[in-house]
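What follows is a single structure, written as structure tokens, with notes after it.
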Amino acid sequence: MKIEHLGIAVKSLETSDNLFARLLGKGFYKQESVEREGVTTSFYEVGESKIELLEATNPESPIAKFLDKKGEGIHHIAFGVENIYTEIERLKEEGFIFISEEPKDGADNKLVVFLHPKSTNGVLVELCQEKP
């Protein structure tokens, strides 16, 4: 397992892309819309990990609700795993609670699943695996 990326909720992708490009000294390597989640993302490589900026595309999306409640900031930490199904079973046996136990298509060519923050010290944790 490794830290695959940190997800940061932002109000404006354009404004935040400008900020992170200046901060990191390079632009995003990929932008992508995930309609099912109501979000548009920008990805930045930082060493072996990434930063994912997330902007809501509709007021009912999880990111819009997060921004309304908490404002801009770290939304989740994502761990890259070799086999997402094995990790789901292992973590269920360890007593962790999942928002959904069925992986779904995520951004950046990944299968993703989220653990409920109630079982991870208030932090939304994402597991992600490169799609075959």
Side-chain angles (χ1 to χ4, degrees):
M1 200 179 289
K2 68 172 188 167
I3 295 177
E4 210 281 331
H5 69 268
L6 296 176
I8 301 174
V10 301
K11 292 178 182 174
S12 166
L13 207 51
E14 182 179 349
T15 299
S16 296
D17 278 335
N18 182 309
L19 182 147
F20 274 83
R22 289 183 295 119
L23 176 69
L24 300 172
K26 60 183 173 183
F28 58 81
Y29 72 88
K30 182 179 198 176
Q31 269 195 332
E32 183 176 352
S33 290
V34 183
E35 294 296 324
R36 181 181 31 69
E37 296 297 322
V39 69
T40 300
T41 66
S42 292
F43 283 92
Y44 294 81
E45 292 178 320
V46 183
E48 293 183 18
S49 297
K50 302 170 193 161
I51 300 288
E52 176 188 28
L53 304 181
L54 303 117
E55 176 188 65
T57 57
N58 74 61
E60 296 303 312
S61 74
I63 294 300
K65 292 175 183 176
F66 178 90
L67 287 166
D68 287 344
K69 186 175 180 181
K70 297 187 178 183
E72 293 182 298
I74 293 179
H75 177 260
H76 66 272
I77 183 168
F79 293 102
V81 299
E82 292 292 321
N83 186 317
I84 199 165
Y85 298 98
T86 300
E87 285 301 311
I88 290 169
E89 290 306 312
R90 182 183 74 78
L91 293 170
K92 280 177 21 184
E93 288 175 14
E94 292 290 338
F96 289 92
I97 301 165
F98 286 80
I99 292 175
S100 170
E101 295 177 12
E102 188 61 36
K104 54 187 171 183
D105 290 341
D108 204 26
N109 197 43
K110 302 283 189 288
L111 285 176
V112 302
V113 67
F114 289 89
L115 285 82
H116 200 288
K118 289 180 183 177
S119 67
T120 55
N121 285 354
V123 177
L124 181 62
V125 172
E126 175 184 5
L127 300 180
C128 58
Q129 173 191 318
E130 195 75 32
K131 284 192 223 173

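Quick caveat, the model's predicted, so the values are computed rather than measured.
Considering every non-hydrogen atom in both Asn83 and Thr86, the closest pair reads OD1-N, 3.0 Å. Considering all non-hydrogen atoms of both residues, Ala21 and Tyr44 come closest at N-CE2, 4.1 Å. The minimum heavy-atom distance linking Gln31 with Ser42 is given by the pair NE2-OG, 3.0 Å.
Transitive grouping of hydrophobic side chains (ILVMFWY, heavy atoms separated by less than 4.5 Å) keeps Phe66 and Ile77 in distinct clusters. In this structure, Leu54 is not a member of the same hydrophobic cluster as Leu111, with clusters built from ILVMFWY side-chain heavy atoms closer than 4.5 Å. Note: the hydrophobic cluster containing Leu24 does not contain Phe43 (ILVMFWY, side chain heavy atoms under 4.5 Å, direct or indirect links). Hydrophobic clustering (side-chain heavy atoms under 4.5 Å, transitive across Ile, Leu, Val, Met, Phe, Trp, Tyr) groups Phe28 together with Val46. Under the 4.5 Å side-chain heavy-atom criterion for ILVMFWY residues, a single connected hydrophobic cluster contains both Leu6 and Val81.
Note: Glu55 CD to Asp17 CG = 9.0 Å, rounded to the nearest 0.5 Å. Interatomic distance, CD1 of Ile8 versus NE2 of His75, reported as 11.5 Å (0.5 Å rounding). In this structure, OG1 in Thr120 is found 6.0 Å from CG in Leu115, a value given to the nearest 0.5 Å. Separation of atoms CG (Leu13) and CZ (Phe20) is listed at 10.5 Å; rounding is to 0.5 Å. The distance from atom CG of Asn58 to atom CD1 of Ile63, rounded to the nearest 0.5 Å, is 11.0 Å. Summarising the geometry, atom NZ belonging to Lys70 is positioned 14.5 Å from atom NZ belonging to Lys65; distances are rounded to the nearest 0.5 Å.
Side-chain contact between Ser16 and Glu72 is present, with at least one heavy-atom pair separated by less than 4.5 Å. Counting heavy atoms from C-beta outward, Ile3 and Phe79 have side chains that approach closer than 4.5 Å. Ser119 places none of its side-chain heavy atoms less than 4.5 Å from the side chain of Val125. In this structure, Lys50 and Asp108 have side chains that are in contact, with non-hydrogen atoms separated by less than 4.5 Å. Annotation: side chain of Ser61 is not in contact with side chain of Val39 (no heavy-atom distance under 4.5 Å). Proximity of Ile99 to Leu124: side-chain heavy atoms (C-beta onward) are separated by under 4.5 Å at one or more points. In this structure the side chain of Glu37 reaches within 4.5 angstrom of the side chain of Pro62, judged on heavy atoms.
For CG of Asp68, the number of neighbouring non-hydrogen atoms (other residues, nucleotides, ligands) closer than 6.0 Å is greater than 12. Shown here is Leu19, whose CG atom has more than 12 heavy atoms of other residues, nucleotides or ligands within 6.0 Å. The number of heavy atoms from other shown groups lying within 6.0 Å of NZ (Lys11) does not exceed 12.
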Test log, rule side-chain contact (heavy atoms from CB on, under 4.5 Å), inputs Thr15 and Val10: CA-CA 9 Å; Thr15 299; Val10 301; over 6 Å; no
CA sep, side-chain torsions, deciding dist, call: Lys104, Val112, side-chain contact (heavy atoms from CB on, under 4.5 Å): CA-CA 5 Å; Lys104 54 187 171 183; Val112 302; 4.1 Å; yes
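Listed for the Lys26 side chain is a donor-acceptor partner under 3.5 Å among the backbone atoms of Glu45. At least one donor-acceptor pair under 3.5 Å links the side chain of Thr57 to the backbone N or O of Gly38. When atom types are taken as modelled, the side chain of Lys118 and the backbone of His116 share no donor-acceptor pair closer than 3.5 angstrom.
Exactly one residue among Glu126, Glu130, Gln129 makes a side chain to side chain donor-acceptor pair (under 3.5 Å) with Lys110. That residue is Glu130.
Ionic pairing of Lys92 and Glu89 is present here: one or more N-O contacts between side-chain nitrogen and carboxylate oxygen are shorter than 4.0 angstrom.
Residues that satisfy the side chain to side chain contact (heavy atoms under 4.5 Å, CB included) test with Glu102, not counting sequence neighbours, are Tyr85, Ser100.
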